[in-house]
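Lettering of chains follows the sequences in order, A, B, ..., and the numbering in each one begins at 1. These values consider heavy atoms only, across backbone and side chains, with no hydrogens, waters or symmetry-generated copies. The model shown is predicted, which means the values in this text are computed figures rather than measured ones.
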Amino acid sequence: MNDDLKRYSRQILFAPIGEAGQERLRASRVLLCGCGALGTVIAETLTRAGVGHLRIVDRDFVDLSNLQRQVLFDELDVEERLPKVIAASQKLKAINHQVTLEPIVADIDHTNILEFARGVDLILDGTDNFEIRFLINDASLETGIPWIYAGCLGSHGQFMTIFPNQSACLRCLMDQVPDPGTTQTCDTAGILGPTVSILASFQCVEALKILTGHADEIEPMLTIIDIWQTTFRRMSLADLRDRADCPACQHGERLWLSGRAGSQTTVLCGRNAVQVSPSERKTLDLDQLAERLATAGEIQANPFLLRFRLTNSETELTIFRDGRAIVQGTDDAAVAKGLYARYVGN
Amino acid sequence: MPRIHFTPHLKNHLDCPPQDVTAATLREALEIVFQANPRLRSYLLDDQGHLRKHVTAFIDSTPINDRVNLSDDVSRAKEVYLLQALSGG
């Protein structure tokens, strides 16, 4: 065993992986969408396992409420208001320098997801909302890249691995994003750290199978767990693709990838916050914006973002260089859009 | 006689323990459940009585065929499982 592989010796001893599997893993490239609860566990696990190239994309910054379950962040990251991918990559570099890390501070949307997916072998879902999962599903079908979905809430979670145009896709299972107000969120149901860790670990096992040449051992199943009740169910999706007459994988519809579905505002799960995205990408001059906003409230800035708290208000805008803003203190998309227009402009 | 199970996070917010029902179709089975728990209806079905887009039903671990009329046969099933998609992560 050469020196580069020694750190993986215990993993190599696991027969299905072996040295050949480890080499395949080292040659592999992964896109991780989202670097929150699921994402940080996935990023750490795959970095320790020795994936070759890890591209991590996330739009958000580290918040105190993240620390309970987002395992790569600490109090200093909160103090510095670092973007999550920047804080995460600093930790990941110290864990395994052999992994090529590509942190990208960006909001994944229909205009950029194919670029982020370019050249990767696998897409992992570390996101926290349906819209982006349907977008990933479209991108997967379009590119032929497999992806691994997981969702969790409270003490329960679900995951499935999707091989585009071979197995059932997310739209075979659910045709549309739920209507507003029809599903529980982290605000109402909360989330346990171990729920996330277990779900993300299952995603990583599926990823290891794919990336080490054992994709054929993945069964077409939706797995549902509840860690509080200690239950584990597996639902067969074996012939769902053939039966579902899915508009996406049978008829080529790409509602989210074409931009026909999806919104410019996203309510952030559990944060009393809304993200507002400009209709077109722009590059903001944050210094200039800071000067402009200085008379209207308190400003805190770093090279990646600007934080603006309105005078005598609990409302706060975190404005990113690409024009996005996270409006904290409301879960009303219209209010958030109004504040954005007022302080950032259209 | 199938036993109707609900996704765990529904159980956290509505009183919907597993329930044994005698029914020929999924719709008949659900109507029996709704009699005891009317609030469940709007969680699972839309205004037209179709299964909501983000809800999936499995009969003995296999997805149902008819999401509109809910005509799938449950008379010999052991379990019906109603699942709602989860957004968190």
Side-chain angles (χ1 to χ4, degrees), chain A residues 34 36-39 125-133 149-159 168 170-179 182-186 188-191 195-196 199-200 221-222 224-229 231 233-240 243-244 269-270, chain B residues 2-18 26 34 37-74 77-89:
Chain A
L38 290 169
D125 170 16
T127 69
D128 64 357
N129 67 83
F130 286 115
E131 283 195 354
I132 199 162
R133 289 182 174 126
Y149 153 75
C152 48
L153 197 71
S155 63
H156 32 269
Q158 50 200 220
F159 73 93
L170 188 61
R171 282 192 77 185
C172 295
L173 190 67
M174 306 173 262
D175 186 42
Q176 285 288 341
V177 171
D179 295 330
T182 59
T183 56
Q184 297 286 346
T185 70
C186 303
T188 55
I191 180 77
T195 310
V196 173
L199 259 293
M221 294 278 184
L222 173 72
I224 304 162
I225 64 169
D226 187 292
I227 63 162
W228 198 259
Q229 297 173 349
T231 59
R233 286 170 183 272
R234 302 191 80 202
M235 302 300 188
S236 173
L237 305 178
D239 61 349
L240 181 60
R243 291 198 285 123
C269 187
Chain B
R3 172 164 286 199
I4 314 290
H5 289 268
F6 297 92
T7 189
H9 69 281
L10 266 184
K11 284 193 278 189
N12 289 350
H13 299 275
L14 295 170
D15 181 23
C16 47
L26 177 59
F34 295 153
N37 194 336
R39 286 180 64 210
L40 260 179
R41 181 187 297 273
S42 63
Y43 275 84
L44 301 176
L45 306 183
D46 64 19
D47 294 342
Q48 282 76 47
H50 306 164
L51 205 60
R52 285 193 180 277
K53 300 281 190 184
H54 61 280
V55 174
T56 301
F58 293 86
I59 297 172
D60 289 336
S61 300
T62 301
I64 62 167
N65 285 308
D66 181 4
R67 298 175 55 91
V68 173
N69 297 311
L70 309 180
S71 63
D72 290 66
D73 184 358
V74 299
K78 290 180 181 167
E79 179 190 87
V80 174
Y81 190 88
L82 277 299
L83 171 83
Q84 220 179 358
L86 296 175
S87 66

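In terms of heavy-atom proximity, A:Ala37 sits nearest to B:Gly89 at CB-O, 3.3 Å. Nearest heavy-atom pair, B:Glu79 versus A:Arg233, reported as atom, atom and distance to 0.1 Å: OE2-NH1, 2.7 Å.
Side chain of A:Arg234 to backbone of B:Ser61: no donor-acceptor contact under 3.5 angstrom is found. Within the 3.5 Å criterion, the main-chain N or O of B:Pro63 finds a donor-acceptor partner in the side chain of A:Arg243.
The candidate from A:Ile224, A:Asn129, A:Val196, A:Asp239 with the greatest count of non-hydrogen atom pairs under 4.5 Å with chain B is A:Ile224. Comparing A:Gly151, A:Gly39, A:Gly36 by heavy-atom pairs within less than 4.5 Å of chain B, the highest count is held by A:Gly151.
Of the two parts of A:Leu222, only the side chain, counted from C-beta on, holds a non-hydrogen atom closer than 4.5 Å to a non-hydrogen atom of chain B. Looking at A:Tyr149, only its side chain comes within 4.5 Å of chain B, counting heavy atoms on both sides. Residue contact with chain A, scored on non-hydrogen atoms closer than 4.5 Å, is absent for B:Leu44. Both the backbone and the side chain of A:Ser236 have a heavy atom closer than 4.5 Å to some heavy atom of chain B. With a 4.5 Å cut-off on non-hydrogen atoms, A:Leu173 touches chain B through its backbone and its side chain both. Residue B:Leu51: no heavy atom, backbone or side chain, is found under 4.5 Å from chain A.
The CG atom of B:Asp60 sits 9.5 Å away from the CE atom of A:Met235 when rounded to the nearest 0.5 Å. Note that the CG atom of B:Leu86 and the CG atom of A:Asp128 stand 12.5 Å from one another [nearest 0.5 Å]. Note that CG of B:Leu83 is 8.0 Å distant from CE of A:Met174, once rounded to the nearest 0.5 Å.
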In sequence, state the C-alpha distance, the side-chain angles, and the governing distance for B:Phe58 and A:Leu237, and then conclude on side chain to side chain contact (heavy atoms under 4.5 Å, CB included). CA-CA 10 Å; B:Phe58 293 86; A:Leu237 305 178; 4.0 Å; yes
